[in-house]
Amino acid sequence: DAGVTQSPTHLIKTRGQQVTLRCSPKSGHDTVSWYQQALGQGPQFIFQYYEEEERQRGNFPDRFSGHQFPNYSSELNVNALLLGDSALYLCASSSGLAGEQYFGPGTRLTVT
Amino acid sequence: EDQVTQSPEALRLQEGESSSLNCSYTVSGLRGLFWYRQDPGKGPEFLFTLYSAGEEKEKERLKATLTKKESFLHITAPKPEDSATYLCAVQARSGGKLIFGQGTELSVKP
């Protein structure tokens with residue numbers, strides 16, 4: 001049973017560039033949530049996708065956007081990267097909006 | 001405002017020395033409280049979900065309990081492989097997002 005997968009594992013970008021991160025949910029799950037985790041902090045909620053629509057959004061600027069595809073996989077896009085966007089980006093999947101969330105291994109983004 | 005506070009920030013134990021981690025929360029209508037384990041550089045690993053005050057869950061050397069204001073993660077006779085950061089999160093009835101505490105970094109020395 002495949003768990004949540006994310007790609008790429010690591011990414012280095014320059015300030016001002018754009019980045020796309022990808023997530024495939026655990027088998028049987030239809031909902032994807034994205035979180036940002038700074039070093040030494042707990043994950044912070046970015047947004048949640050269900051039925052290809054953004055259902056809930058955290059306190060993040062419009063530079064952060066996402067998409068969910070018919071096969072339930074998802075992308076996180078960040079435009080105009082800032083140094084402060086450097087973090088571990090986590091994807092979690094669940095069965096339904098309120099189901100238990102299972103996390104992927106994360107994508108480590110470094111902005112220089 | 002919904003909020004989660006974990007204590008202590010760091011805990012150092014000797015192998016076999018039992019202890020507890022605390023998670024205090026404020027949420028407008030609790031749907032569930034979740035405990036995760038996170039190893040350095042990896043994603044959080046799901047441990048437990050608790051839904052109502054008085055509920056308890058156990059897994060190997062770990063036991064999680066829930067009251068109306070806080071949750072405890074009890075670690076009995078820990079081993080070095082239990083070393084990790086333990087994260088607590090709450091989910092309100094209003095939506096699916098998880099609100100996390102900052103975590104407790106546990107180190108167990110042989």
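So that the names make sense, note that chain A is the first sequence line, chain B the second, and so on, each numbered from 1. Computed over heavy atoms, backbone and side chain alike; hydrogens, waters and symmetry mates excluded.
Neither the backbone nor the side chain of A/Tyr50 comes within less than 4.5 Å of any heavy atom in chain B. Proximity to chain B is absent for every atom of A/Gln44, based on heavy atoms less than 4.5 angstrom apart. Contacts of B/Glu105 with chain A are absent, with no heavy-atom separation under 4.5 Å from either backbone or side chain.
In this structure, the side chains of B/Phe100 and A/Tyr35 come closer than 4.5 Å at one or more pairs of heavy atoms. A 4.5 Å side-chain heavy-atom check between B/Pro44 and A/Leu90 finds at least one atom pair inside the cut-off. Residues A/Gln101 and B/Thr49 have side chains not in contact (no heavy-atom distance under 4.5 Å, counting atoms from C-beta outward).
Open room surrounds NZ on B/Lys42; 12 or fewer heavy atoms of other groups in view lie less than 6.0 Å from it. Crowding of B/Glu9 atom CD: a count of heavy atoms from other residues, nucleotides or ligands under 6.0 Å not exceeding 12. No more than 12 heavy atoms of other residues, nucleotides or ligands shown are found within 6.0 angstrom of CD1 on A/Ile12. More than 12 heavy atoms of other shown residues, nucleotides or ligands fall within 6.0 angstrom of atom CG in A/Leu83. In this structure, B/Arg12 places its CZ atom where only 12 or fewer heavy-atom neighbours from other residues, nucleotides or ligands lie under 6.0 Å away. Environment of CG in A/Asn59: sparse, with no more than 12 heavy atoms of neighbouring residues, nucleotides or ligands closer than 6.0 Å.
Two rings, from A/Phe103 and B/Tyr36, have their centers less than 6.0 Å apart.
Side-chain N or O atoms of A/Gln56 include one that pairs as donor or acceptor with a backbone N or O of B/Gly96 at under 3.5 Å. Here the side chain of A/Gln48 pairs no donor or acceptor atom with the backbone of B/Lys97 at under 3.5 angstrom.
Interface remark: of the candidates A/Gln37, A/Arg55, A/Arg57, A/Gln37 forms the most heavy-atom pairs closer than 4.5 Å to chain B.
To the nearest 0.5 Å, atom CG of residue B/Leu98 and atom CD of residue A/Glu100 are 10.5 Å apart.
Under the rule for a side chain to side chain contact (heavy atoms under 4.5 Å, CB included), the partners of A/Tyr49 that lie at least two apart in sequence or sit in another chain are A/Phe47, A/Glu54, A/Gln68.
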